[in-house]
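Not measured: the values here are computed from a predicted model. Letters go in sequence order (proteins before strands), and every chain restarts at 1. We use all heavy atoms of the structure for the numbers below, so side chains are in, but hydrogens, waters and symmetry mates are not.
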Amino acid sequence: MSDIVTVTLPDGSQKEAPRGTRVADFVREKIGAGLAKAAYVARLDGEPVDLSRPLDRDVRLEVVTTRNPEALTVARHDAAHVMASVVQKLYPGTQVTIGPSIEDGFYYDFARENPFTPEDLERIEKGTNEAIALDQPFLREEVSMAEALALFERLGEGYKVEIVKDIAARGAKTLTLYRHGDWVDFCLGPHGPSTGRIGVVKLTSVAGAYWRGDPKNPMLQRIYGTSFFSKKELDEWATRLEEARKRDHRKLGPALGLFTFHPYAPGAAFWLDKGTTLYHLLGDAMRRLTRKNGYLEVKTPLLFNKKLWETSGHWGKYRENMFLVVDSETDEKLPLEDRCTQSLKPMNCPSHHLLYAMQKRSYRELPIRYHTQDVLHRNEASGTLSGLTRVRQFQQDDAHIYLAESQIVEEVRSLVRQIDVVYKAMGLSYTAKFSTRPEVKLGDDATWDRAEAALKGALDAVGLPYEVKPGEGAFYGPKIDFDVTDSIGRKWQLATIQLDYLAPERFDLTYVGDDNAEHRPVVIHRAIYGSFERFLAILTEHFAGAFPLWLAPVQARVVTVSDRFNDWAAEVAARLEAEGFRVELDHTSEKLGAKIRDAQLQKIPFTVVVGEKEVEARGVSPRRRGGEDLKTMPLEAFVELLRKEGATPY
RNA sequence: GCCGACAUAGCUCAGCUGGUAGAGCAACUGAUUCGUAAUCAGUAGGUCCCCAGUUCAAUUCUGGGUGUCGGCUCCA
């Protein structure tokens, strides 16, 4: 074996080094001091490793510098280690569990009697940054499982012992330990070179979290934090948070007169007039879109006998999420549960299935598409409610499509196009996820083959990029989910297209084919907005309350320069209203500047100024939200402008 | 539901260690009649989330509830 190894760099160039040279030394000596300084971790043949690892074979080497987001992920994991070491120093007796990097930061779960207070958090944050300043190297060490077990047993780390045993049970022979200072944890790594390279740590919150995410397990104390390589980046992050806070639909909604909540109805919104307008605009747009695509809009009962839920399977698995209703005609002596013979519907699908099954269906009718915007109730756990994104009462732009298997490709292709139209109109970019058969599933492989091929074929036909999620489909069929990205880069899962082979079985749905025999249809569940509530929350934050003209609850506000011009202003408002535009008139005795400011704060798309000039010209001077002055124009020209710019995009 | 924090005027917030509350904006009234992000003056507005308890006295301390927020679990 040669004492020299060949290292291939990402640009294809090759360099040689003595076997056993540490990556860090190689980079500094053979590539450059600058890169060595910026390096955080490295990849050897694609595998992430510490810079202290030796080059023991011919390898491809990539240096991961602090400019690479991957390095930040590692640094945050480093930060979690350092924080855990500080916590154990400050609060002896606290046990450590796990502490990974997450999007935007890290957390670490601790086992201890008393929760951390905000003051504790400050103390820990200060201690963590001080520990970072000590600049202790991260040292990697491989030990046998037995040694590891003995180590953590000696340290009294019960949770760690449990994890080590699990890892051993999965057949691992050795465990890697990482030390900094006198603190030790086991960890796959990699870690950065030393604590000093982590940068700045900011702790954000404490929260309870179940051990291994299971409510049956003890509750641990989780500390969330984040870190950045520089103070500047930390400040930028804080600014972004502030920006998101300003857009929070829970603040903007009430401020813009869209919706509000009352303690007597947790999880159910009061829709104020402007919010109701928005709600209807979205609903009507979806009605047009579905009608154009061959859907039938139907409404089904809100309250159903439990027999429906027994048929659908919800009574068994979903009952605790349903609002049960006592039937007053049942025997009062019966236990409450037996008197609850009805439930508010938590979803529309079962009632659509009933509708389908009420008549004999022919293959000539398929696909049959039912669209419903009814009110749904789900009894969500109180602690999970949040603004409009998580409510107990909501409406979906729900639809179920009953079709023959041979029609799936064409139908999904149409659906993907509809989704594209809606999200493009909102300026939401999106990506698709395609989830295939899970391990526990219904139906035979041939059916799954056809179903997956149909979904995939439709995605390919539309040319939509998608990520495959193997095994993540529902047990009753594969699905496509759509993630949208809003204007400040946050992702939300919205639309879904699910193939369902189970429901037609449970409800015994059939159609008569051209062979005069009975066949099973397939059901597609689809929603594009998801729920109106959540979609409006997302849109409010995405647009920061400044809705596009076609959605704006008030499209124009007519403001007078003084009350001498009230008559013409009223005529202008009346004319715009007659054209179907949503208009307000501000003829208070405020100064023009104040009226404009008020209209801006309400995020109204057009402020229409009416004064001396306009009265003479029988015109208006519109000003766009944001400040652009369109100068004086004839009233009819403005009507035309609104008509053109305010057209509904779908 | 579980863990933690919070709850004062419509909104944003003040109110040392217990002595029944204040500001700015909004609202209302009057004056002002004004040209593209705040005219001036005045008035009114509070069961300090609710229910118990401790105390001579509770917005303040204790307990219980409700709601909200951040997480866990769950999810449109």
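Seen from the ring of Phe106(A), Arg76(A) does not count as a face-on cation partner, given the 6.0 Å and 45° thresholds.
Taking atom CG of residue Leu121(A) and atom C1' of nucleotide C3(B), one finds them 15 Å apart after rounding to whole Å. The separation between His262(A) atom NE2 and U66(B) atom P is 16 Å, rounded to whole Å. Straight-line distance from the CD1 atom of Ile223(A) to the P atom of C3(B): 18 Å, rounded to whole Å. Atom NZ in Lys246(A) sits roughly 17 Å away from atom C1' in C11(B) (whole-Å rounding).
Annotation: U8(B) and G45(B) have their C1' atoms spaced 14 Å apart (nearest Å). Remark: the separation of the P atoms in U17(B) and U54(B) is 24 Å, to the nearest Å. Between G64(B) and U60(B), the distance separating the two P atoms is 16 Å to the nearest Å. A gap of 26 Å separates the C1' atoms of G53(B) and C16(B), to the nearest Å. Across the C1' atoms, U66(B) and C49(B) are found 8 Å apart, a figure rounded to whole Å. Annotation: U47(B) and A5(B) have their C1' atoms spaced 25 Å apart (nearest Å). U43(B) and G35(B): their P atoms are spaced 30 Å apart (whole Å). Comparing G18(B) with C61(B), their P atoms are spaced 8 Å from each other, to the whole Å.
The side-chain hydrogen bond (donor to acceptor under 3.5 Å, both in side chains) test with His525(A) singles out one residue from Gln498(A), His352(A), His400(A), and that residue is His400(A).
Side-chain contact between Lys479(A) and Lys433(A) is absent, with no heavy-atom pair separated by less than 4.5 Å. Using a 4.5 Å heavy-atom threshold, the side chains of Arg378(A) and Met347(A) count as touching. Looking at Glu411(A) and Arg369(A), their side chains come closer than 4.5 Å, going by heavy atoms from C-beta outward.
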- Do nucleotides 35-49 of chain B as a string where each nucleotide becomes B, S or -: B if the base has a protein heavy atom under 4.0 Å, S if just the sugar-phosphate does, - if no protein is that close. BBBBB----------
- Task: Could you run through nucleotides 69-76 of chain B and give me one letter per nucleotide, 5' to 3': B if any protein heavy atom sits under 4.0 Å from the base, S if only the sugar-phosphate is that close, - if neither?
- Result: SBBBBBBB
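One side chain, His353(A) or Tyr402(A), offers a donor N or O that lies under 3.5 Å from an acceptor on the other.
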Quiz: residues 526-539 of chain A side-chain donor-acceptor pairs under 3.5 angstrom, not counting sequence neighbours:
residue, atom, partner, partner atom, Å
Arg526(A), NH2, Asp397(A), O, 2.8
Tyr529(A), OH, Leu282(A), O, 2.9
Tyr529(A), OH, Tyr650(A), OH, 2.6
Ser531(A), OG, Arg534(A), N, 3.0
Glu533(A), OE1, Tyr279(A), OH, 3.2
Glu533(A), OE1, Gln395(A), N, 3.1
Glu533(A), OE2, Tyr279(A), OH, 2.7
Arg534(A), NH2, Gln493(A), O, 2.4

Check: residues 597-607 of chain A side-chain donor-acceptor pairs under 3.5 Å, at least two apart:
residue, atom, partner, partner atom, Å
Asp598(A), OD2, Arg557(A), NH1, 2.8
Gln600(A), OE1, Gly626(A), N, 3.0
Lys603(A), NZ, Ala544(A), O, 3.1

Show every donor-acceptor pair shorter than 3.5 Å between a side-chain atom in residues 255-269 of chain A and any protein atom, with sequence neighbours excluded, or say none if there are none.
residue, atom, partner, partner atom, Å
His262(A), ND1, Tyr264(A), N, 2.9

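Expressed to the nearest 0.5 Å, how far CG of Leu220(A) lies from CH2 of Trp211(A) amounts to 7.0 Å.
Between Phe228(A) and Trp237(A), the two ring planes are tilted [angle within 30° to 60°]. In this structure, Phe110(A) and Tyr108(A) have parallel ring planes: the angle between them is below the 30° cut-off, well short of the 60° mark.
With respect to Arg212(A) and Asp214(A), no salt bridge is recorded, no charged nitrogen being found less than 4.0 Å from a carboxylate O.
Near-neighbour residues of RNA chain B inside residues 270-281 of chain A, defined by a heavy atom below 4.0 Å, are absent.
The salt bridge (Lys or Arg N to Asp or Glu O under 4.0 Å) check on Glu320(A) picks up nothing, with sequence neighbours excluded. For Glu616(A), the salt bridge (Lys or Arg N to Asp or Glu O under 4.0 Å) test picks out no residue, with sequence neighbours left out. Among residues two or more places apart in sequence or in another chain, the salt bridge (Lys or Arg N to Asp or Glu O under 4.0 Å) test is passed with Lys274(A) by Glu584(A). In this structure Lys299(A) satisfies the salt bridge (Lys or Arg N to Asp or Glu O under 4.0 Å) test together with Asp374(A), sequence neighbours excluded.
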- Query: Reading RNA chain B 5' to 3', how would its secondary structure be written in dot-bracket notation, given Watson-Crick and G-U pairs with both distances under 3.5 Å, brackets [ ] for crossing pairs and | for partners on other strands?
  - Reply: (((((((..((((.....[..)))).(((((.......))))).....(((((..]....))))))))))))....
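The residue Lys251(A) sits close only to the backbone: its heavy atoms come under 4.0 Å of sugar-phosphate atoms, none of a base.
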Pairwise N/O distances under 3.5 Å, protein to nucleotides 5-7 of chain B:
none

